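The model shown is predicted, which means the values in this text are computed figures rather than measured ones. What's counted below: heavy atoms across the whole structure, side chains too, no hydrogens, waters or symmetry copies.
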Amino acid sequence: MKFENYMTLEFPSKSANEAFARSAVACFASQMDPTLEELGDIRTAVSEAVTNCIVHAYPNGFGNIYVRCRILKDNVLDIVVKDKGVGIPDLEQAKRPMFTTGGEDRSGMGFTIMESFMTSFSVTSKVGKGTSVHMRRKLQKRK
């Protein structure tokens with residue numbers, strides 16, 4: 001698929017980098033002239049995806065998180081957030097609202113939030129190989 005512009009990021013799965021990823025994607029998306037609501041939705045979805053990598057992908061240490069953003073035709077922002085961590089053994093269970101393996105302080109709503117804020121959303125995962133979240137958001141054309 002052809003794209004108009006793109007960026008890639010790679011950073012360690014440290015909690016301090018969640019805000020960095022969220023801000024970097026928002027800055028990249030700003031060239032598409034999104035509304036404040038669209039930008040907020042994008043930031044939230046990226047935050048959830050990166051937080052999932054930080055909390056779940058590398059439970060015994062740190063690993064890398066990879067983010068790719070592309071601007072596609074028809075004003076579509078394409079985002080992939082992936083890791084090379086432990087993977088998700090039961091993806092259908094993990095996608096259910098309120099399910100979490102992250103302890104009592106986690107809501108289990110990450111995938112639900114990402115899906116609700118984006119135009120399209122998919123997750124692929126292989127145990128021992130990692131997880132990839134693919135999200136797209138079609139932005140309004142502004143005059």
Side-chain angles (χ1 to χ4, degrees), residues 1-140:
M1 177 169 282
K2 292 192 177 204
F3 53 87
E4 296 176 19
N5 199 2
Y6 77 96
M7 70 138 187
T8 59
L9 299 172
E10 177 181 350
F11 50 88
S13 60
K14 295 184 175 195
S15 60
N17 287 332
E18 177 273 327
F20 161 69
R22 179 180 64 218
S23 296
V25 171
C27 285
F28 180 79
S30 68
Q31 66 191 288
M32 299 173 73
D33 197 23
T35 65
L36 289 176
E37 180 181 351
E38 289 170 330
L39 201 54
D41 290 352
I42 291 163
R43 290 172 57 93
T44 300
V46 168
S47 179
E48 291 293 334
V50 170
T51 298
N52 276 355
C53 295
I54 292 167
V55 172
H56 301 290
Y58 306 104
N60 299 319
F62 295 104
N64 287 340
I65 299 171
Y66 308 88
V67 177
R68 183 198 71 202
C69 294
R70 299 182 302 172
I71 297 173
L72 306 178
K73 66 179 183 171
D74 298 325
N75 221 33
V76 174
L77 180 66
D78 180 73
I79 305 166
V80 175
V81 178
K82 69 181 190 173
D83 62 68
K84 295 181 180 178
V86 299
I88 302 171
D90 187 341
L91 192 52
E92 290 310 309
Q93 182 182 40
K95 289 164 104 181
R96 284 190 211 129
M98 309 301 286
F99 176 82
T100 184
T101 59
E104 291 181 15
D105 61 333
R106 300 289 166 195
S107 70
M109 294 298 291
F111 286 148
T112 303
I113 290 168
M114 287 180 249
E115 187 170 26
S116 68
F117 284 1
M118 303 305 278
T119 306
S120 69
F121 167 83
S122 65
V123 182
T124 56
S125 188
K126 291 189 180 186
V127 174
K129 302 278 185 185
T131 301
S132 180
V133 172
H134 190 180
M135 304 177 283
R136 286 187 176 168
R137 177 68 184 250
K138 180 163 179 47
L139 303 178
Q140 298 175 17

| query | Which residues satisfy the side-chain contact (heavy atoms from CB on, under 4.5 Å) test with Glu4, sequence neighbours excluded? | reply | Ile71
| Step by step, would you call Arg43 with Ser23 a side-chain contact (heavy atoms from CB on, under 4.5 Å)? | CA-CA 7 Å; Arg43 290 172 57 93; Ser23 296; 4.0 Å; yes
| request: Name all pairs fulfilling the salt bridge (Lys or Arg N to Asp or Glu O under 4.0 Å) condition that reach into residues 54-66, sequence neighbours left out, sorted by first residue then second. | output: none
| query | Taking only residues two or more places apart in sequence or in another chain, which ones pass side-chain contact (heavy atoms from CB on, under 4.5 Å) with Lys129? | reply | Lys126
| task | Could you check if a side-chain atom of Ile113 sits within less than 4.5 angstrom of a side-chain atom of Thr44, using non-hydrogen atoms only? | result | yes
| note | Taking every heavy atom of Val25 against every heavy atom of Cys69, the minimum-distance pair comes out as CG2-SG, 3.6 Å
| Contacts of type side-chain hydrogen bond (donor to acceptor under 3.5 Å, both in side chains), residue Glu10, not counting sequence neighbours | Asn64
| field | Verdict with supporting geometry, Ile54 and Ile65, side-chain contact (heavy atoms from CB on, under 4.5 Å) | value | CA-CA 8 Å; Ile54 292 167; Ile65 299 171; 3.7 Å; yes
| task | Kindly give the heavy-atom pair with the smallest separation between Ala24 and Leu9, and that separation in Å. | result | CB-CD1, 3.7 Å
| message | Tell me every residue that passes ring pair (Phe, Tyr, Trp, His ring centres under 6.0 Å) with Phe62, counting only those two or more places apart in sequence or in another chain. | response | none
| task | For Asn52 and Val50, run side-chain contact (heavy atoms from CB on, under 4.5 Å): C-alpha distance rounded to whole Å, both residues' side-chain angles, the deciding distance at 0.1 Å, then the answer. | result | CA-CA 5 Å; Asn52 276 355; Val50 170; over 6 Å; no
| said: Could you check whether any side-chain N or O of Asp74 sits under 3.5 Å from a backbone N or O of Val76, counting only pairs where one atom can act as donor and the other as acceptor? | reply: no
| message | Do Lys73 and Phe3 form a cation-pi contact, if we require the NZ or CZ to be under 6.0 Å from the six-membered ring centre and within 45 degrees of the ring's axis? | response | no
| field | Closest non-hydrogen atom pair between Ala29 and Ile42, with its separation | value | CB-CD1, 4.4 Å
| Heavy-atom closest pair, residues Ala49 and Met135 | CB-CE, 4.2 Å
| field | Residue pairs fulfilling ring-ring contact (aromatic ring centres under 6.0 Å, His included) with at least one residue in residues 15-34, sequence neighbours excluded | value | Phe11-Phe20
| said: I'd like to check the salt bridge (charged side-chain N to carboxylate O under 4.0 Å, His left out) partners of Asp78; sequence neighbours left out, ordered by chain and number. | reply: Arg68, Arg70, Arg136
| Is it true that a side-chain atom of Ser125 and a backbone atom of Ile88 form a donor plus acceptor pair closer than 3.5 Å? | yes
| message | Strictly distance-based, threshold 3.5 Å: is any side-chain N or O of Glu38 a donor or acceptor partner for the main-chain N or O of Gln140? | response | yes
| request: Specify the closest pair of heavy atoms between Thr119 and Lys138, including all atoms of both residues, with the distance to one decimal. | output: OG1-N, 2.9 Å
| message | Apply side-chain contact (heavy atoms from CB on, under 4.5 Å) to residues Ser132 and Val81 and explain how you reach the verdict. | response | CA-CA 6 Å; Ser132 180; Val81 178; over 6 Å; no
| said: Using modelled atom types and a 3.5 Å cut-off, is there a donor and acceptor pairing between side-chain atoms of Ser13 and backbone atoms of Gly63? | reply: yes
| field | salt bridge (charged side-chain N to carboxylate O under 4.0 Å, His left out) involving Arg137 - partner list, sequence neighbours excluded | value | Asp41
| task | For Ser47, enumerate each residue passing the side-chain contact (heavy atoms from CB on, under 4.5 Å) test, keeping only those at least two apart in sequence or located in another chain. | result | Glu18, Arg22, Thr51
| request: Check whether any side-chain heavy atom of Thr35 sits under 4.5 Å from a side-chain heavy atom of Leu39, and report yes or no. | output: no
| task | Check for a donor-acceptor pair, side chain of Tyr58 on one end and backbone N or O of Val86 on the other, with a separation under 3.5 Å. | result | no
| query | Looking at side-chain heavy atoms only, is the closest gap between Val123 and Thr131 below 4.5 Å? | reply | yes
| request: To the nearest 0.5 angstrom, please state how far the OG atom of Ser116 sits from the CD atom of Glu48. | output: 9.5 Å
| field | Heavy-atom closest contact (Met118 atom, Ala45 atom, distance) | value | SD-CB, 3.7 Å
| field | Backbone N/O of Pro12 and side chain of Asn17: donor-acceptor pair under 3.5 Å | value | yes
